[in-house]
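Take a look at the structure below.
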Amino acid sequence: MSDQKTDAKTYKKSLNLPKTAFPMKANLVQNEPASQKRWDKMGLYQKLREKDHPAGRYAFHDGPPYANASLHLGHLLNKALKDFVVRTKTMAGYDVPYVPGWDCHGLPIEHKVMQELGDKAKQMEPIQVRRKCKTYAEKSVKLQSGQMQRLLTLADYKDPYLTMNPRYEGAVLDVFADLVDRDVVYRGLKPVHWSIENQTALAEAELEYYDREDTSVFVKFDRVDGQGSLMIWTTTPWTLPANLAVAVHERYEYGEYEVDGKTVVVAVELAKKVLGEEAEPKKIVKGVELVGLEYKHPFIDRVGKVVSADYVTLEDGTGLVHTAPGHGVEDYQTGLREGLDVYCPVKDDGTFDDTAPEWLRGVSVWKGNDLVVDRLRASGHLFHAEQFSHSYPHDWRGKSPVIFRATEQWFVDVNKSFDVAGTSGTMRERALDVTAEGVGFIPQWGKNRMRGMLDSRPDWCLSRQRAWGLPIPAFYPPKGIEGEPLLTPASVRAVAQLFREKGSDAWFFTAPDELLVHYDAVGDPDAPDWAKQGSPAEFVAGADIFDVWFESGSSWNAVMRQRGLAKPDDAPSVTDLYLEGSDQHRGWFQLSLLPCLGSLGKPPFANVLTHGFMVDKDGRKMSKSDGNALSVDELFKDYGADVCRWWVSGLNTDNDIKVDSEYFRLAGEEYRKVRNTLRFLLSNLDGFDFKQDKTRFEDADASSIDAWMTRAVTKLSDTVTAAYEGFHFRKAHEAMFNFCNDTLSAVYLTAVKDRLYCDNPDSARRRRTQTTIYRVSTVLIRLLAPLMPHTADEAWRALTGDKEACVHLLPFQDVGCMKQIPMNDGWGAVMTARDGWLKSIEEARQVKGIDNPLDCGVSVPQVKDADVSAFDMTDLADLCGVSRFALDASLDAPDIDDLRDEPRCERSWKRDGTVKTRSDGGMLSDRDAQALGLT
RNA sequence: GGGCUCAUAGCUCAGUUGGCAGAGCGCACCCCUGAUAAGGGUGAGGUCGCAGGUUCAAGUCCUGCUGGGCCCA
């Protein structure tokens with residue numbers, strides 16, 4: 001026994017065992033940053049710009065994350081997907097310049113800075129606040145940029161776009177000038193969601209809805225005709241001072257009921273709920289008959305009237321709706337139709353102004369609620385008051401409740417027709433048109449979603465009353481002079497030029513005549529008279545800033561066009577692709593689409609690709625306060641970027657994405673499987689010089705397992721490149737994993753191990769297999785490169801033996817030549833039959849007690865649907881992991897032979913029937929003896 | 001409350017035009033020890049969220065419901 005062992009050791013040394021510098025342990029945490037540095041040093045991004053691009057330009061535009069705090073998982077997903085696009089398109093032959101960007105202005109940063117400043121903020125000028133905000137934004141950009149680079153994303157990090165940069169700001173104003181030119185920008189009084197806390201109008205996107213307890217009141221409005229009263233219901237008693245009308249639905253039935261000896265009008269369907277079960281109407285009328293009735297305001301000397309409105313429902317209240325045009329969008333629209341004032345007695349700070357009754361002046365609306373209720377109770381107008389919980393809008397940052405309040409704002413009219421680029425239509429119509437056709441949505445339902453949102457969207461309120469943003473470059477007449485604000489295409493473009501030179505900070509400390517140094521009112525046909533006649537030094541610069549969405553929504557111009565990265569001017573869109581979370585249908589997608597249609601008459605994107613949101617492993621919303629959010633930095637530290645990227649690439653991103661640290665562990669195991677397969681490929685190329693040692697295509701054997709393998713890798717290449725082309729990263733991921741796990745590891749590599757180890761190093765068969773392994777490696781490593789850039793590059797350098805090599809400079813491997821290698825058609829059937837053979841072997845091993853498959857021989861009568869006469873039986877034996885494979889037409893079914901009585905080759909461990917004692921005294925097969933030069 | 005959307009094995013997901021439920025992971029058992037903090041083989045697992053309907057036939061089409069997600073009110 002001990003002799004045998006010694007012999008075995010001797011023979012082991014004679015084997016060509018795998019050897020490689022590509023380690024099993026990835027050590028991504030240390031090695032990935034090193035890769036990143038290496039790419040930076042070699043100028044990878046720049047080099048990619050300079051090389052040939054046979055496929056032309058692919059215009060892909062990064063949507064700017066908000067420059068606030070650390071990246072979260074949503075960013076990781078988004079940035080990884082974007083990087084897959086950049087890298088797959090690059091390797092497909094496109095030039096994909098990619099400028100990362102950040103949204104820097106806006107309330108979240110300003111709010112944070114104001115919180116940090118505390119009371120000090122009150123004494124500070126806007127410009128001082130802005131400087132603090134800028135510092136904060138810069139800090140966030142730096143942090144996030146570092147994290148994005150740690151994710152190994154390929155982008156122009158040396159020159160990103162920041163929405164607060166002067167050249168960006170100038171380009172936003174250029175877009176705005178175009179909209180002013182189209183005459184769709186107007187100033188109007190309109191109720192908007194108003195944050196008392198931040199004293200600004202809020203966009204829909206800046207609201208969050210929470211349940212809130214309010215006092216709801218049933219109030220009797222006395223009819224002017226003395227026939228009793230109308231009962232209204234409201235959850236916002238503080239808006240009653242602004243009540244100008246009561247709305248009813250024309251088709252509903254309203255009844256007159258006796259309450260405490262007096263008559264009140266309530267919708268019939270709601271009467272029992274409001275007045276009690278025994279309520280019986282004395283008289284029933286249709287709503288339409290009430291229209292025009294007048295009533296006395298309960299505590300203000302004013303007469304209101306009954307109007308009709310479709311939005312009146314019978315779900316809550318009384319069917320008679322308190323209407324205050326200054327405090328609600330629907331009320332406002334009703335007011336417009338009925339010619340009511342947009343009356344709003346509430347000031348910026350949420351207190352009542354001097355037009356309100358004396359007892360409310362200077363009081364906050366929240367306190368006003370109680371005062372109004374007390375007043376109504378005292379005067380006998382209050383029928384009932386109760387606590388009521390309802391969903392109520394809150395400021396998304398401060399979480400404080402907002403109110404509806406009429407204010408002067410700048411708007412973009414989405415319903416006004418204009419001409420541009422030879423077409424005519426409103427912004428809404430144009431947006432609906434390109435959504436219906438022209439823009440591709442992935443997944444397709446994005447189209448419906450976008451359409452639904454466009455159908456219902458109101459005019460875009462552009463203005464905010466804050467410090468941290470891009471000023472709306474409007475000028476107002478000097479005190480004492482009446483007139484429209486100065487805001488013309490020329491005046492806006494003049495300020496745009498100034499902002500490019502000095503930045504928008506200039507607005508806050510520069511005299512108006514200097515702000516307008518590039519502008520000549522006299523020569524501007526659109527300028528109001530006061531501006532032509534007056535001195536610019538006297539003009540009053542406006543205090544409004546833009547909705548941040550207008551800034552990010554102009555990025556197609558401020559980045560892609562301004563930097564010369566857009567598609568040609570005559571192309572039907574500015575870029576090829578935008579890729580963001582599905583929430584951006586309402587956000588960035590739509591708010592980029594509208595300005596671009598206004599400015600150029602065409603959409604900013606040809607395709608919109610969206611992904612879903614992260615949820616926890618039970619499918620619930622992720623939230624920081626629940627502590628179920630994973631830290632991106634921790635993930636990099638625990639798993640590495642390539643593992644995180646591999647995880648992303650395996651997701652179905654159309655819908656919700658479940659996330660849990662466990663999934664990263666699983667992704668890590670898959671990664672290791674892929675890595676080990678690469679390692680085994682590389683380790684069997686030790687000493688193999690492709691140029692010298694390769695088997696030429698024309699020498700390939702169509703019936704060899706190598707022919708099958710070569711065909712398989714060309715199929716993989718086709719599958720994966722097609723998947724990449726359609727952004728089906730998951731499909732590519734799956735195909736590559738299965739290829740590594742099954743095609744390579746379980747089938748091919750297991751089968752060819754014997755010849756790689758035991759054949760003479762220079763044997764034609766071994767060289768043919770190494771040639772195949774080399775070809776597989778070049779295809780596979782390149783296909784993996786977009787998903788795991790570090791690992792692929794590491795493998796590529798190991799494959800080429802060139803420390804300077806970089807896989808990311810290469811295109812995907814052209815497999816055209818490999819497809820020319822003929823393959824025996826029988827291989828498909830052989831692989832199918834193999835499953836059955838393995839089952840038979842397993843069965844025989846159980847029955848006959850054979851542990852090692854190499855102690856088996858397989859005999860089959862035929863291979864179903866295949867002519868294997870030209871096949872090498874050794875290939876088939878190796879495919880089954882057995883020592884021998886034979887065709888025996890006399891059999892009825894596959895037969896497994898127990899070979900344990902036959903001698904075993906001490907070198908290859910096979911019992912192939914040729915084993916005998918050789919000149920060195922060892923028991924060897926013919927092949928092994930030959931490999932050792934023995935007889 | 002409305003728009004869009006999702007629900008298939010323990011987990012992650014495939015399932016074209018309706019036609020016998022699939023893959024990978026995990027798990028169990030076994031092998032190998034010359035890919036070794038590796039590798040190979042076999043196997044068990046599902047009332048396709050629930051309830052109706054259309055059809056010879058429904059995971060797939062229709063309606064309703066339940067429970068998630070995004071957006072809006």
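As a basis for the values below, the full set of heavy atoms in this structure was taken, side chains included, without hydrogen atoms, waters or symmetry mates.
Under 4.0 angstrom from either OP1 or OP2 of B:rC11 there lies no side-chain N or O belonging to A:Lys658. One finds a side-chain N or O of A:Tyr663 lying less than 4.0 angstrom from the OP1 or OP2 phosphate oxygen of B:rU12. Note on A:Lys753: a side-chain N or O is less than 4.0 Å away from OP1 or OP2 of B:rA35. For A:Tyr757, a side-chain nitrogen or oxygen approaches OP1 or OP2 of B:rA35 to under 4.0 Å. At B:rG40, one or more side-chain N or O atoms of A:Lys673 fall inside 4.0 Å of OP1 or OP2 (strictly under the cut-off). Using a 4.0 Å cut-off, some side-chain N or O of A:Asn652 falls inside it from OP1 or OP2 of B:rA14. Residue A:Lys839 has no polar side-chain atom (N or O) positioned under 4.0 Å from OP1 or OP2 of B:rU42.
Both tests pass for A:Lys190 against the ring of A:Phe411: distance under 6.0 Å to the centre and angle within 45° of the axis. For A:Arg675 and A:Phe22, the positive end sits near the middle of the six-membered ring, less than 6.0 Å away and at most 45° from its axis.
With both ends at atom C1', the span from B:rA9 to B:rC71 equals 33 Å, rounded to whole Å. For the P atoms, the distance linking B:rC32 with B:rG46 amounts to 32 Å, nearest Å. Using atom C1' as the reference point in both B:rA14 and B:rG59, the two lie 12 Å apart (nearest Å). A distance of about 24 Å separates the C1' atoms of B:rA7 and B:rG19, rounded to the whole Å. Comparing the same atom, P, in B:rU63 and in B:rA21 gives a spacing of 26 Å after rounding to whole Å. Going from the C1' atom of B:rG18 to that of B:rU55 covers 9 Å, rounded to whole Å. Nucleotides B:rU8 and B:rG15 are separated by 9 Å at their C1' atoms, to the nearest Å. Across B:rU12 and B:rC6, the matching C1' atoms stand 15 Å from one another, rounded to whole Å.
Straight-line distance from the CD atom of A:Glu669 to the P atom of B:rG39: 10 Å, rounded to whole Å. Rounded to an integer number of Å, the gap from CD of A:Glu842 to P of B:rC30 is 11 Å. Atom P of nucleotide B:rC25 and atom CG of A:Leu651 are separated by 18 Å, given to the nearest angstrom. Computed from coordinates, the A:Lys621 NZ to B:rG68 P distance equals 13 Å when rounded to whole Å. Rounded to a whole Å, the CG atom of A:Asp835 is 10 Å from the P atom of B:rG41. Rounded to whole angstrom, the span from the CZ atom of A:Arg900 across to the C1' atom of B:rC31 amounts to 13 Å. Atom C1' of nucleotide B:rG69 and atom NZ of A:Lys617 are separated by 18 Å, given to the nearest angstrom. For A:Ile850 and B:rG41, the CD1 to C1' distance is 14 Å, given to the nearest whole Å.
B:rC29 is paired with B:rG41 under the Watson-Crick or G-U wobble criterion, all donor-acceptor distances under 3.5 Å. Look at B:rG24: its Watson-Crick or wobble partner, with both distances under 3.5 angstrom, is B:rC11. With both pairing distances under 3.5 Å, B:rG46 is matched to nothing as a Watson-Crick or G-U wobble pair. The partner of B:rG19, taking Watson-Crick or G-U wobble pairs whose two distances both stay under 3.5 Å, is B:rC56. Pair assignment for B:rC4 gives B:rG69, based on Watson-Crick or G-U wobble hydrogen-bonding distances that are each under 3.5 Å.
Here B:rA37 is the nucleotide among B:rA37, B:rC30, B:rC70 with the atom lying nearest to any side-chain atom of A:Met24. Here the side chain of A:Asp656 is nearest to one of B:rA35, B:rG69, B:rG34, namely B:rG69. Among B:rG67, B:rC71, B:rG40, the nucleotide with an atom closest to any side-chain atom of A:Arg620 is B:rG67. Distances from the side chain of A:Asp851 to the nucleotides B:rC31, B:rA38, B:rU42 place B:rC31 closest. For A:Arg586, the listed nucleotide lying nearest its side chain is B:rC71; candidates were B:rA38, B:rC71, B:rU5. Closest to the A:Asn655 side chain, of the nucleotides B:rG69, B:rU5, B:rA23, is B:rU5. Of the candidate nucleotides B:rG24, B:rA35, B:rG69, B:rG24 has the atom lying nearest to any side-chain atom of A:Phe737. When distances are taken from the side chain of A:Leu17 to each of B:rA35, B:rG24, B:rG34, the shortest belongs to B:rG34.
A:Arg845 contributes no side-chain N or O that forms a donor-acceptor pair with the base of B:rC31 under 3.5 Å. For a distance-only test at 3.5 Å, the side chain of A:Ser745 qualifies as a donor-acceptor partner of the base of B:rA35.
The closest side-chain donor-acceptor pair between A:His611 and A:Thr653, if any, does not fall under 3.5 angstrom.
Residues A:Asp754 and A:Arg927 are paired through a salt bridge, judged by an N-O separation under 4.0 Å between the basic side chain and the carboxylate.
Atom-to-atom distance recorded for A:Thr743:OG1 and A:Lys715:NZ is 10.0 Å, nearest 0.5 angstrom.
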